[in-house]
Novice: 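Please see the structure below; I have some questions.
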Amino acid sequence: MAHEEHSTALRQSVSTFGMIAALTLVLTRLEPLVPLVRDNVHLLVGALFLITALRRAEALPGGLARYGLRLGGVLSPDDDARAGGVLGALADLATALWRALPELLTEAAVAIAVCAVVFPPFVVAFYYWNAPMHPFVLAPQSDLLSYVATQIIVVALPEEALFRGYLQGRLHEAWPERRHVLGVWLCWRAWLLQAALFALLHFAVDFQPVRLAVFFPALLFGWLAALRGGIGAAIFVHALCNLLSDLLVRGFL
């Protein structure tokens, strides 16, 4: 019986990634042809990731909590939530955010601590790898707050929900063996495979070998999700990594 459950978890993981990859490729190929897709491609892909992760996790025993997707209740509203149209939905969201605030602040603090350790060697490696010809110039995005919000909500949240929430969680159920990795019990195969699938999808969308480099931050995000038992801190680290990369590219290159 256990073997059958493990096989089912693996099949569902592979089929989910295959569906996501196919639909993502369709959307990105339609981008130059369809104005609606071109103007909203990142939002559409993000919605695809997030909705798939939530629906697949909800259909399994334990639901969102089992895969670390509740975010303090933001993504899992109470059963007695008010149903009063748009205003009622906004009120429910505000209530959920307020209740989740302590947990979200804790996850943000963990993310900042992780970044304080990871970012300095990354900056040094970036500098020596790219050998910039001029000193760093701080040149952030013109609308920095909007950019940061987009990185958190449209990019990091959907990608973490799908890859580090649902897929890594389901793969852990497919391969139950665990090993100690820097203080965290992980299945090596699940941890490495989610990162490989993450990198493969980035490469398939944009046929540049450099896109495969996202394999390495995906390992960090996966380790962090396992450490925290959820994707909260991983979302913040993911967004901050994107912000740092953008600042380094704009400032040095």
Side-chain angles (χ1 to χ4, degrees), residues 16 19-20 23-24 27 35-115 140-170 221 224-243 246:
T16 297
M19 179 198 70
I20 286 291
L23 292 176
T24 300
L27 286 172
L36 178 63
V37 176
R38 181 175 62 247
D39 297 337
N40 300 281
V41 64
H42 296 296
L43 184 60
L44 291 172
V45 171
L48 171 65
F49 285 12
L50 184 59
I51 292 171
T52 299
L54 296 181
R55 293 296 175 263
R56 292 293 170 94
E58 285 174 338
L60 294 167
L64 301 184
R66 180 173 181 173
Y67 297 92
L69 296 175
R70 289 189 70 253
L71 290 184
V74 174
L75 296 182
S76 182
D78 296 334
D79 294 335
D80 61 351
R82 296 178 297 277
V86 175
L87 291 179
L90 291 175
D92 292 340
L93 177 60
T95 300
L97 287 171
W98 177 253
R99 291 176 178 174
L101 187 59
E103 182 175 329
L104 294 179
L105 290 176
T106 299
E107 296 304 301
V110 171
I112 291 171
V114 170
C115 290
Q141 296 280 341
S142 56
D143 192 347
L144 184 59
L145 289 179
S146 176
Y147 176 78
V148 171
T150 298
Q151 289 302 316
I152 294 174
I153 299 171
V154 179
V155 179
L157 169 59
E159 292 185 355
E160 292 309 308
L162 179 64
F163 285 92
R164 264 62 69 179
Y166 175 75
L167 283 178
Q168 179 167 287
R170 203 72 177 114
F221 305 151
L224 189 54
L227 173 70
R228 301 300 299 165
I231 63 171
I235 290 172
F236 290 118
V237 172
H238 190 149
L240 289 170
C241 285
N242 290 350
L243 175 61
D246 181 73

Novice: Between Pro158 and Gly46, what is the shortest heavy-atom contact and its length?
Specialist: CB-O, 3.1 Å
Novice: Do Pro140 and Tyr147 come within less than 4.5 Å of each other through their side chains, counting heavy atoms only?
Specialist: no
Novice: Show your working on side chain to side chain contact (heavy atoms under 4.5 Å, CB included) between Thr106 and Arg228 and close with a plain yes or no.
Specialist: CA-CA 10 Å; Thr106 299; Arg228 301 300 299 165; 3.7 Å; yes
Novice: Given side chains that start at C-beta, do those of Leu224 and Leu227 come closer than 4.5 Å, heavy atoms only?
Specialist: yes
Novice: Under a 4.5 Å cut-off applied to non-hydrogen side-chain atoms, are Leu64 and Leu71 in contact?
Specialist: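 No, too far: nothing below the 4.5 Å cut-off.
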Novice: Please report the closest heavy-atom contact between Gly73 and Ala96, naming both atoms and the distance.
Specialist: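 Shortest heavy-atom contact: O-CB, 4.1 Å.
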Novice: Do Thr16 and Arg170 have side-chain heavy atoms sitting under 4.5 Å apart?
Specialist: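 A side-chain contact under 4.5 Å is absent here.
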Novice: At what distance, to the nearest 0.5 angstrom, does CD1 of Ile235 lie from CD of Glu160?
Specialist: 6.5 Å
Novice: Considering only heavy atoms from C-beta outward, does the side chain of Leu60 approach that of Arg56 to under 4.5 Å?
Specialist: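 No; the side chains remain at least 4.5 Å from each other.
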Novice: Identify the two heavy atoms, one from Val110 and one from Ala233, that lie closest to each other, and give their separation to 0.1 Å.
Specialist: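 Where Val110 meets Ala233 most closely, the heavy atoms are CG1-CB, 4.1 Å.
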Novice: What are the two closest heavy atoms between Val41 and Leu27, and how far apart are they?
Specialist: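 Heavy atoms only, the tightest pair is CG2-O, 4.3 Å.
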Novice: Evaluate the ring planes of Tyr166 and Tyr67, with Trp represented by its six-membered ring, and classify them as parallel (under 30°), tilted (30 to 60°) or perpendicular (over 60°).
Specialist: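 Rings of Tyr166 and Tyr67: tilted, 30 to 60°.
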Novice: For Phe236 versus Leu104, what's the shortest heavy-atom pair and its separation?
Specialist: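 That would be CE1-O, 3.7 Å.
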Novice: Looking at His238 and Val155, what are the two nearest heavy atoms and their distance?
Specialist: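 Nearest pair, atom of His238 first, then Val155: NE2-CG1, 4.2 Å.
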Novice: Got Val148 and Ile152 here, is their nearest side-chain heavy-atom distance under 4.5 Å?
Specialist: yes
Novice: Does the side chain of Ser146 come within less than 4.5 Å of Thr150's, by heavy atoms?
Specialist: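 In contact.
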Novice: Counting C-beta onward and ignoring hydrogens, is there a side-chain heavy-atom pair between Gln141 and Asp246 closer than 4.5 Å?
Specialist: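 Side chain of Gln141 against side chain of Asp246, heavy atoms only: contact under 4.5 Å found.
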